[in-house]
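Data first, discussion second: the structure below is written as structure tokens.
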Amino acid sequence: MAERTFKVYRGSGDDGQLESYTIEVDQGMVVLDAIHRIQAEHAPDLAVRWNCKAGKCGSCSCEVNGRPRLTCMTRLSDYEEGESITVTPMKAFPVIKDLVADVSRAYRNNASIPRFRPRPRDAEDGWRMKQFEIERAQEMRKCIECFLCQDVCHVLRSHGKHAEFIGPTYLVRTAGYSLNPIDVEDRSAFLKESGGIGFCNITKCCTEVCPESISITDNAIIPLKERVVDRFYDPVKALVRLVRRR
Amino acid sequence: MEISERHEHDVLVIGAGGAGLRAAIAAIEAGASVGLVGKSLLGKAHTVMAEGGMAAALGNNRPEDNWQVHFRDTMRGGKGLCDWRMARAHAAEAPDRVRELEAWGALFDRAEDGRMNQRPFGGHTYGRLAHVGDRTGLEMIRTLQDHAVHEGADVFMECTVFRLILVDGRVAGALAYWRPTGEFVLFRARTVILATGGLGKAWKVTSNSWECTGDGVALAYGAGAELMGMEFVQFHPTGMVWPPSVRGTLVTEGVRGEGGVLTNGDGERFMFRYVPEMFEGDYAESEEEADRWVEGDRTANRRPPELLTRDVVAKAIVAEVEAGRGSPHGGVFLNISEKRSPEYIKAKLPSMYHQFKELAGVDITTDAMEVGPTTHYAMGGVKVDPETAATCVPGLYAAGEVAAGLHGGNRLGGNSLSDLIVFGQRAGAAAAQEAGDVSFAEIPASELSAAVAGATAPFARDGGRNPFGLQEELQAVMQDKVGIARTERALREALEDVHRLRGALDTCSVRGGRAFNPGWHTWLDLHAMLTVAEAVVLSALERRESRGAHTRIDCPDSDASLGRVNLVIRSSDGRMVTDTEAVSEPPAELRQLIEEGV
């Protein structure tokens with residue numbers, strides 16, 4: 001066993017500071033274990049979200065030494081022995097208290113996505129799909145909604161375009177519906193207008209931090225951008241629409 | 001102290017996991033307004049952790065499968081104590097409930113012919129689990145969550161109910177606090193559904209998250225409902241054992257379903273030695289036969305003994321470790337790398353691959369995992385009407401893990417997710433229907449202020465015990481004295497410990513404010529955990545036999561007379577008392593089905 005010092009953000013809203021805590025650490029511990037030990041031994045009112053502690057629920061997202069991470073999947077042994085470990089809440093969200101961020105607007109974004117709408121059943125007992133047809137959509141549905149991609153996205157983090165852009169998490173969610181082979185809803189107007197997909201300039205930061213290794217930019221955002229372009233900016237299709245309208 | 005906020009709904013659903021979400025959807029479909037309250041953010045409830053799949057006799061992989069076979073497997077797996085009406089409804093309705101998820105956007109793995117694929121699991125005669133790799137629970141909760149939101153459920157996230165309000169013996173609402181602010185909120189409702197999930201957090205080695213503190217069991221008990229089968233706590237055979245910080249984290253049964261084998265420290269594949277009399281002839285008798293089954297020849301060969309029911313496998317692992325044949329960290333080895341290619345393992349078990357790689361530094365495509373039993377699931381819970389999920393308290397319903405009856409003495413893997421959607425739907429429909437016939441009750445202010453004063457009491461104390469310390473002590477008591485192998489002596493000690501800890505609860509103090517204060521939340525949750533602990537210990541003392549998940553070292557055999565009764569817990573003059581209740585006998589044709597097969 002060894003001792004280690006952690007700096008943890010304490011406070012509400014913008015009114016907070018880093019506090020230092022020193023605890024004993026065991027083999028195999030992750031950052032969330034350290035936070036729990038600090039809670040049990042030094043600061044029972046230290047607020048942190050968590051549930052599964054196995055990288056499946058996406059609750060315990062924070063920034064560890066400035067990098068968006070799931071604290072339950074971040075091992076202490078990834079940091080050099082003398083290196084200090086600083087844990088702060090996700091920067092792109094308002095702070096409720098300590099390590100807990102206010103993610104309520106993310107849920108509002110989600111509710112605004114036009115819902116899944118399937119084609120009529122292929123047979124009485126449902127639809128027929130090949131595994132290869134659904135793999136793209138299944139990749140999107142691996143999303144554990146940890147918000148790390150929202151946190152790292154510069155459109156939100158640096159430019160604060162929260163009202164204009166739903167962000168990578170919800171582009172992934174939209175893609176999960178739209179890439180489902182039986183879905184028939186057209187979400188291109190939503191993506192172009194309230195979804196603000198045009199704000200994304202494909203810097204791929206979201207893809208880099210995704211703990212589920214979803215290729216967010218390449219497999220979710222770019223295909224959705226293509227659909228918007230096809231729908232609104234394809235000159236041939238625009239001509240066809242014009243002729244039909246007459 | 002003021003109640004800052006009030007809401008009214010026809011139906012209030014407490015708990016936002018699979019059962020609560022499905023209940024909310026059913027109640028909305030029936031025309032009710034629905035409030036859905038959950039302790040965590042929406043979509044993070046324990047359902048999200050379910051891995052292997054949900055059991056439904058779709059007959060996609062094996063046309064011989066039907067509800068009768070599923071019913072029989074469930075009844076036999078439950079060691080005689082399942083409610084046959086619940087088991088029948090579950091087996092009969094699960095296929096429609098699963099198909100409906102697909103209409104709401106779920107994408108399950110496919111078989112060659114384009115229908116849903118179905119995976120083999122312990123105790124199921126045929127491959128029966130609809131699944132998505134090893135993240136089936138995530139697919140289920142996302143689908144239900146988005147559907148419920150779009151259907152118009154009024155969602156209250158990070159809001160904890162700590163008291164049910166009764167007026168004239170009928171449930172009239174619930175009192176809760178917002179976790180982020182600590183402000184109190186009153187929900188008035190015509191009917192209330194408990195869908196609060198499990199209670200595994202009362203043990204030290206557990207696959208359960210902080211949420212699983214038995215809230216619904218305690219709320220129902222406090223309101224006068226009966227509990228049943230509380231001695232039956234499932235210890236999942238395969239949790240991680242190393243490193244210490246992840247001890248208890250679940251390793252899906254899907255590993256064994258996909259061909260994974262269990263070996264002891266001597267390298268012996270020991271499960272062949274543990275086939276119980278009841279299942280003799282149902283399982284492969286040689287490694288060669290088991291291998292042929294894994295390779296795909298499933299009609300001429302029987303399934304491997306690793307796929308025996310969870311109670312059997314968990315006890316076998318304990319026996320091997322106690323005989324000195326364990327792995328270096330006190331478990332046994334689970335290895336799939338010799339049976340499947342790395343590509344197959346990564347495709348079928350991606351989160352297991354990730355979990356072991358990241359947390360234990362083990363590559364499961366080349367090496368064995370070390371596994372051992374972990375507290376996983378409560379078969380017992382609130383006693384409900386098998387048709388409507390109503391409790392004996394007027395207006396109060398319970399569905400999912402919080403309810404008792406379906407699983408008897410042992411639950412089959414995969415039967416939990418299907419339980420959630422079958423009985424969630426039934427509870428939601430029944431609660432909405434009853435809500436049409438009753439009006440909102442006036443709740444006396446004095447009752448509310450007394451409840452709020454009780455809930456905030458530890459803020460006024462200084463220098464008392466830390467709730468986290470108390471929780472740790474309770475977890476050690478339950479782990480050491482109320483674990484897989486139990487004795488009268490240890491259980492008696494545990495009962496004293498639980499009473500002592502209950503007293504210590506009133507000496508705890510909480511520091512800081514009410515806003516997002518985990519110490520305070522833990523103190524409140526401990527009330528439920530201690531109620532649950534007492535109920536489990538009392539029932540375990542009373543069942544002087546070994547059956548399913550309940551093993552008494554001092555009464556190692558099954559007692560046929562106890563196999564015909566369930567233990568019921570109720571409150572009598574403020575004390576917890578146990579009683580027995582006869583298990584209802586299935587009609588002759590179903591009895592024949594259970595005994596002789598389909």
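Between B:His131 and B:Glu139, every side-chain heavy-atom pair lies at or beyond the 4.5 Å cut-off. At a threshold of 4.5 Å between non-hydrogen side-chain atoms, the residues B:Val255 and B:Thr238 do not count as touching. Side chains of B:Arg514 and B:Glu183 form a contact here, defined as non-hydrogen atoms less than 4.5 Å apart.
The aromatic ring centres of B:His521 and B:Trp210 sit 6.0 Å or more apart.
Contact tally against chain A (heavy-atom pairs below 4.5 Å) for B:His354, B:Glu158, B:Glu100, B:Arg179: the top residue is B:Glu158. Comparing B:Val155, B:Leu359, B:Thr181 by heavy-atom pairs within less than 4.5 Å of chain A, the highest count is held by B:Leu359. If you tally non-hydrogen atom pairs under 4.5 Å between each of A:Met29, A:Glu41, A:Lys53, A:Glu145 and chain B, the highest count goes to A:Glu145. Between chain A and the residues B:Gln471, B:Lys39, B:His150, B:Glu472, the largest count of heavy-atom pairs under 4.5 Å involves B:His150. Of the listed residues B:Asn117, B:Val149, B:Leu138, the one with more heavy-atom pairs under 4.5 angstrom with chain A than any other is B:Leu138. Looking only at heavy-atom pairs under 4.5 Å with chain B, the residue among A:Lys97, A:Glu135, A:Met129, A:Lys56 that has the most is A:Met129. Of all the listed residues (A:Asn110, A:Asp125, A:Val30), the one sharing the greatest number of non-hydrogen pairs under 4.5 Å with chain B is A:Asp125. Your options are B:Arg135, B:Met49, B:Met157, and the one with the most heavy-atom pairs under 4.5 Å with chain A is B:Arg135. Between chain B and the options A:Ser12, A:Cys143, A:Gly176, A:Ser213, the largest number of non-hydrogen pairs under 4.5 Å is found for A:Cys143. Among A:Ser77, A:Pro118, A:Ala40, the residue with the largest count of heavy-atom pairs under 4.5 Å with chain B is A:Ala40. In terms of non-hydrogen atom pairs under 4.5 Å with chain A, the most contact-rich of B:Asn60, B:Asn466, B:Asp109, B:Val48 is B:Asp109. Each of A:Arg128, A:Gln131, A:Arg141 has some count of heavy-atom pairs under 4.5 Å with chain B, and the biggest count is that of A:Arg141.
Contacts between B:Leu58 and chain A at a heavy-atom distance below 4.5 Å are absent for every atom of the residue. In this structure, chain A has heavy atoms under 4.5 Å from both the backbone and the side chain of B:Arg115. The contact between A:Val103 and chain B is made entirely by side chain atoms (from C-beta outward), counting heavy-atom distances below 4.5 Å. In this structure, the portions of B:Leu41 lying under 4.5 Å from any heavy atom of chain A include both its backbone and its side chain. Contact annotation for B:Phe108: only backbone heavy atoms (N, CA, C, O) come within less than 4.5 Å of a heavy atom of chain A. Neither the backbone nor the side chain of B:His46 comes within contact range of chain A; no heavy atom of the residue lies under 4.5 Å from a heavy atom of that chain. For A:Lys130, the parts lying near chain B are the backbone and the side chain together; criterion is any non-hydrogen pair under 4.5 Å. Contacts of A:Leu32 with chain B are absent, with no heavy-atom separation under 4.5 Å from either backbone or side chain. Of the two parts of A:Asn51, the backbone and the side chain both hold a non-hydrogen atom closer than 4.5 Å to a non-hydrogen atom of chain B. Only the side chain of A:Arg75 comes within contact range of chain B, with at least one heavy atom under 4.5 Å from a heavy atom of that chain. Contact of B:Met240 with chain A is not made at all, since no heavy-atom distance falls under 4.5 Å. Residue B:Thr143 touches chain A through both its backbone and its side chain, counting heavy-atom pairs closer than 4.5 Å. Neither the backbone nor the side chain of A:Arg117 comes within contact range of chain B; no heavy atoms are under 4.5 Å apart. Only the backbone of B:Ala360 comes within less than 4.5 Å of a heavy atom of chain A; no side-chain atom from C-beta onward does. Residue contact with chain A, scored on non-hydrogen atoms closer than 4.5 Å, is absent for B:Asp96.
Residues A:Asp151 and A:Arg69 are not paired through a salt bridge, judged by the lack of any N-O separation under 4.0 Å between the basic side chain and the carboxylate. Of the charged side-chain nitrogens involved, at least one lies within less than 4.0 Å of a carboxylate oxygen, so that A:Arg119 and A:Asp122 count as a salt-bridged pair. Between A:Arg121 and B:Glu102, none of the side-chain N atoms (NZ, or NE/NH1/NH2) sits under 4.0 Å from a carboxylate O, so this pair counts as no salt bridge.
Counting only N and O atoms by type, the side chains of A:Tyr177 and B:Asp146 include a donor and acceptor under 3.5 Å apart. Between the side chains of B:Gln355 and B:Thr249, no donor N or O sits under 3.5 Å from an acceptor N or O.
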Would you sort out whether A:Thr207 and A:Ser215 count as a side-chain hydrogen bond (donor to acceptor under 3.5 Å, both in side chains), showing the intermediate values? CA-CA 5 Å; A:Thr207 303; A:Ser215 297; over 6 Å; no
Verdict with reasoning, A:Val87 to A:Leu99, per side chain to side chain contact (heavy atoms under 4.5 Å, CB included): CA-CA 8 Å; A:Val87 191; A:Leu99 300 176; 4.0 Å; yes
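Using the six-membered ring where Trp is involved, B:His147 and B:Trp104 have ring planes that are parallel, under 30° apart on the 30 and 60° scheme.
The structure places CD1 of A:Ile38 at 11.0 Å from CG of A:Asp33, a figure rounded to the nearest 0.5 Å. Distance check: A:Leu148 CG to A:Leu70 CG gives 5.0 Å after rounding to the nearest 0.5 Å.
Heavy atoms from other residues, nucleotides or ligands lying under 6.0 Å from CZ of B:Arg461 number more than 12.
Counting only distance, with no hydrogens or angles, the side chain of B:Lys201 and the backbone of B:Thr213 share no donor-acceptor pair below 3.5 Å.
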